[in-house]
Each structure stands twice: as C-alpha cells, then as structure tokens.
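Take a look at the structure set out below.
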Amino acid sequence: MTMPVADTGTRLGIEGVHKAFGRKPVLRGIDLTVEPHEVVCLIGASGSGKSTLLRCVNLLEPIDAGRITLGDLDITARRVKANHVRKRIGIVFQAYNLFPHMSVLRNITLGPVKSLGRSRAEARDEAMDLLDRFGLADRARDYPDRLSGGQQQRVAILRALAMRPEILLLDEITSALDPELVADVLTMIRDLAATGMTMVIATHEMGFARDIASRVCFLDAGRILEEGLPEQIFTAPTQERTQQFLQRVVEAGRMGGGRSGA
Amino acid sequence: MADPAPPPDLGSRRSRILAGAGGRWTAAIGPSLIALASTAVVVGLLVWLIPKSKGYEEVKTNFFDRAQFDDSLPAIAEAFKTNIKMFLVIEAIVLVAALVIAVMRSLPGPVFFPLRVMAIIYADLFRGIPTILLVLLLGFGVPALQIEGLPTSELFWGGASLVLVYTAYVSEVYRAGIDSVHPSQDAAARSLGLGRMQSMRHVVLPQAVRRVIPPLLNDFIGLQKDTALVFQLGVVEALNQASIDVAATFNYTPYVVTAVFFLAITIPMTRFTDWLMTRDRRRRMAGGLVA
C-alpha cells in the first residue's frame, strides 16, 4: 500500500503577514515557521484569524504585506503561479466541500488527473489504496450525499492526500461534525501525524491539540500571542488572554481527550 | 372463570376490520371518484351550454370546419417541418453560445473587465428589444444591404435573430446557475491545483447546468413558438402556410390546425418541465432532511 507521506521535508515560513478584509484587519503581523514533520495547532477564538491564515498559506486569499515561503520559494511573489503552489500544499475545509456530482472515487482522482496529469488508472489505484487504508473502500462508488459527515470529511482528507502534498492544512475539520463522528476523523489525523506528515491545524478540539501538536500557537485578534509546547500552553500559559481563553474552553467542557474517549 | 364469549368478540373484530377497510377504501378511491364526478358535471354543462351560446355556429364554421381542417392539414404538416428544423438547429447553437457568454460574464479579475462588459451589453440589448423587431431588421435589412459574402436567405437571418435573442435569455439562465454554485466548491477545486477554467469545467458548470435544466426547457418552449415569427419574412413555415390557406378561403380553420401542431410539441415539453421541477424540489427537500 502506498503511504502518502511527505518524504521531502519542506519548511513553511510565514513572515510578517498582514491581511485585511476591506478596512477590517484580520491578520496583523503573523510570524511562524513550521519545520518538516511538525504538527502545529492554531487555537484561539472564532475570528482570531486561524482560518484566514490557512487560506492565505494556500493562496486562496491574497496577503497585503509580508511573505510566505515554501522551502526556498517565496510563494507570495508575483511571478509564482498559485496553481503550482496549491499542488504542493493540501487543505481540508470545515464544510468538507466535496464535489456532490462526483463519486467518492472521482472526488479523489480529480486533482491527480487534472492538475498533476497522472493517468486515470494510476490515480484510481492510488485512490483505492487510500480508501482501503482508511476503511472507506466500500464507499468508492457512492456519491457524497450517501455518506455520513464523518465519512465525508475523511474522504475530503483523502482527496487532499491524493495530491501527495508536502504540507497539509486542516481548517477546523471537526467543527461541522456531530460529536459522535469526530473521533474517526481525529484518529485519521493521528495516523497521519505518526507517518510524519507536516500539518498546520486550526482547531477547537483542545484535548486533541494537546495530544497531537508538536507546537501550539494561540492566536488573538490577528496575532500569535503565545506559542510553545502543548504542555506549556495548556498548563502554564504566560499571557493573560491565553489564560482567559483556556478558562472559557474549560467552562464550555471542551478540554476532553480529543473526544476520542467520549 | 369462563372465557369471554367468542361470538360478540369475533363480531366486534370483524366490524372493526370492515370499518378499517372501509376507511381505507374511502381514503384511496373516494377523492378520485369525487373528482371524476365533478369533472363529468362541468364537462357536461359545457357541452350542453356552448352550442346554445350566441355565435356558436359562426365560430364552428369559421374556426373548426372539418373539411377545411382535412384540406389544410397535409400542407401545414409539411411546412411545420421547417419549424421543427429551425427549432432544433437554433436550440443547438443557443445552448453552446449562451454558455460561452455566461462563462465570459463570470470571469473574475480586472483583466477580463472588457469581456464582462461586452457580455452584459449583449444580454441587455437582445433581451430588451422585441423579437419580431429584430427578425424584421435582420431578415429584411441585411439582405437589402447586398453586402457580398453575406447570406441573403430570409430563413437564415430570421434564424439568426432568434439565435441572438435566445442566446441572451439562456445565458442569463446559465449565469444564475453558475452563481448558485457555492464559492467553496470553486475554492476546493482550486485548492487541488486546478486552473480557473478547469474548475469551471469540471466542478462549477456540471452542477450549474443540472440546476437550470427546468428554466432552460422553459426558454425552449418559448423558442419553439417563436419560430413562427419568421413567417413575417415570407419563409414558408406552418403559420405562413396557414395564412396562405386562410387568404384563399377566408376560413380560419388552418390557423387552428397550426395551433394544434405547436401544442403537440409545447404541451409535452411543459409537462416534462413541470415534472422535472417537482422531482427537483422533492429531491432538495429530501436532501434537506438528510443534511
């Protein structure tokens, strides 16, 4: 079976990134380096800029200032083609965004065939391997509306993996799921982390972040206010805002073990 | 302790079963029977009243003359083939041309500004002028220019007018479909490294077109009827053939014959469109329940 692991270690660099929607600033000078095989979790309240940062990294949103590098390449430079960058960086969205008019298999092979130029047969075999590995092989011919939310999100992850990305961005991928469906998706991400996939994860699942992250960044009002090892951020945050945020999370009862034990 | 007496028990159960069956019978067939009866009464009244109404004989001989009907039928049927051919050819061209215009209008970014503006002007212009006016303008006007290389056939220019007008309408239908596909679908496609046009072709358009099939069919019902407009140019199609017959006999039955031909095409199309729309709505509701 093919393991979709990034064997090439690519460093992601985010330097002084600013982004505003109209006159409303969303990112106000973000600096972050993600080393190969690292799993960085972005936490913070809704509207703190987590999703926007991920969308900027995948060039779905243009940035106003700063630069983003992938290895030695400045991907925010004018001459760089967004399509080429997106082939190297995968993203999974909160609402899955599967293509409803295509079978699960075609959802997964579309990118490799149309954008990487792989042969249909090769893309199909690889997609089937992936589906098989994550226990979804029997859903290959189904259309997305026949799948549960959890299955749809897992297919969306496989769709991104089929591109063999060097880095995977996960944008609150469990936020739209019913609680009982979250565990399967998180298990899948743990498996990926174990294979050495470099990931940047925006999440509200604090327990999960705590156990999977090599590093946690707390975003507040468009800035990284605090970053460090998960133990340090979750047990001894230095910033008052971080303490307040975590306090609220605990009160909301969302500090559990990634809900996997629930 | 004696067991409950069987006869009354059996009896009551049987009566319940009968009542139940009766209830079901009423539920299933009752309304149909009522509908049938009321329809019979209404139709009966009409059949009885209409011949009594003033001018009935005149209407009958002038519009519904059996001999006239039979006489004019073959020629009109022959001419109606022209309408069908026009419809099929124009429809094929419109489907493609309108898609091009709609996609032009959906192109983002400042580079494509002129294309977007052209598409908007086109759609505004040709939806804004009466179809018959354009038919006359192009059908009589262009051949009169006697420009070398341009076709002089009235049929060609009549057809071209309909293509221009219906392309404008249908491009708007397509555009509504494209707009109805959520931007996150395009984002998902682009995130896989697909280009703008690839995303349009493989992800956005297939969903858009599926959604607009019913309104598309509606426009084609209109187009089918509007093929009769080229009669003004002297093209021999069904309506023109009918007019020739009417002029010869001063009996209007050939017009009714022509109407019957158009209805034979448009009514099934209308019913089919309605059926598609109902099915669509039901699916969306079912989908809403699942989601």
Side-chain angles (χ1 to χ4, degrees), chain A residues 51 54-55 57-62 81-102 106-118 123 143-149 152 155-156 158-165 167-171 176 178, chain B residues 95 99 102-103 106-113 173-216 276 279-291:
Chain A
S51 291
L54 295 184
R55 292 176 67 87
V57 171
N58 205 31
L59 306 184
L60 287 171
E61 298 286 351
K81 278 215 187 321
N83 293 348
H84 291 302
V85 174
R86 297 198 189 106
K87 288 171 192 173
R88 301 174 58 191
I89 304 179
I91 186 166
V92 182
F93 304 93
Q94 181 176 344
Y96 342 129
N97 301 7
L98 290 179
F99 308 127
H101 61 298
M102 293 181 189
R106 273 208 65 207
N107 261 280
I108 299 175
T109 57
L110 182 75
V113 172
K114 298 298 172 196
S115 134
L116 301 178
R118 299 220 183 109
Y143 282 79
D145 63 354
R146 309 293 302 168
L147 273 56
S148 74
Q152 290 189 48
V155 170
L158 295 184
R159 179 173 70 178
L161 286 180
M163 296 289 291
R164 296 193 201 141
I167 292 181
L168 191 57
L169 312 173
L170 306 175
D171 185 6
D178 290 337
Chain B
L95 274 172
L99 193 59
V103 169
S106 315
L107 293 173
V111 185
F112 296 112
F113 182 73
V173 171
Y174 277 133
R175 193 172 68 96
I178 291 171
D179 286 352
S180 79
V181 176
H182 198 273
S184 65
Q185 285 286 311
D186 182 58
R190 305 301 304 280
S191 80
L192 294 171
L194 269 69
R196 190 166 280 155
M197 278 299 142
Q198 283 181 312
S199 165
M200 185 59 100
R201 180 167 155 224
H202 298 291
V203 173
V204 178
L205 279 183
Q207 297 183 58
V209 169
R210 221 158 292 192
R211 281 178 210 183
V212 298
I213 286 173
L216 223 49
L276 271 183
R279 196 190 60 170
D280 221 47
R281 193 163 47 234
R282 217 178 291 138
R283 274 203 189 150
R284 260 206 306 278
M285 274 157 67
L289 282 177
V290 170

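Fair warning: this is a prediction, and the values are worked out from it, not measured in the lab. Proteins come first, then strands; the chains are lettered A, B, ... in the order of their sequence lines, and each starts at number 1.
Closest approach of G195(B) and N83(A) over heavy atoms only: CA-ND2, 3.4 Å. Scanning both residues, A188(B) and F93(A), for their nearest heavy atoms gives CA-CE1, 3.7 Å. The heavy-atom pair separating M163(A) from L192(B) by the smallest distance is CE-O, 2.9 Å.
Heavy-atom pairs under 4.5 Å with chain B peak, among R55(A), H101(A), K87(A), at H101(A). For chain A, the option among R190(B), H182(B), R210(B) with the highest count of heavy-atom pairs below 4.5 Å is R190(B).
In this structure, chain B has no heavy atom under 4.5 Å from any part of L116(A). Only the backbone of I89(A) comes within contact range of chain B, judged by heavy atoms closer than 4.5 Å. Residue Q185(B) touches chain A through both its backbone and its side chain, counting heavy-atom pairs closer than 4.5 Å.
The OG atom of S191(B) lies 6.0 Å from the CZ atom of R159(A); values are rounded to the nearest 0.5 Å. Remark: K114(A) NZ to H202(B) NE2 distance equals 4.0 Å, nearest 0.5 Å.
R118(A) CZ: more than 12 foreign heavy atoms inside a 6.0 Å radius. Around CZ of R106(A), the count of heavy atoms belonging to other residues, nucleotides or ligands within 6.0 Å does not exceed 12.
For S184(B) (side chain) and N97(A) (main-chain N/O), no donor-acceptor pair under 3.5 Å exists by modelled atom type.
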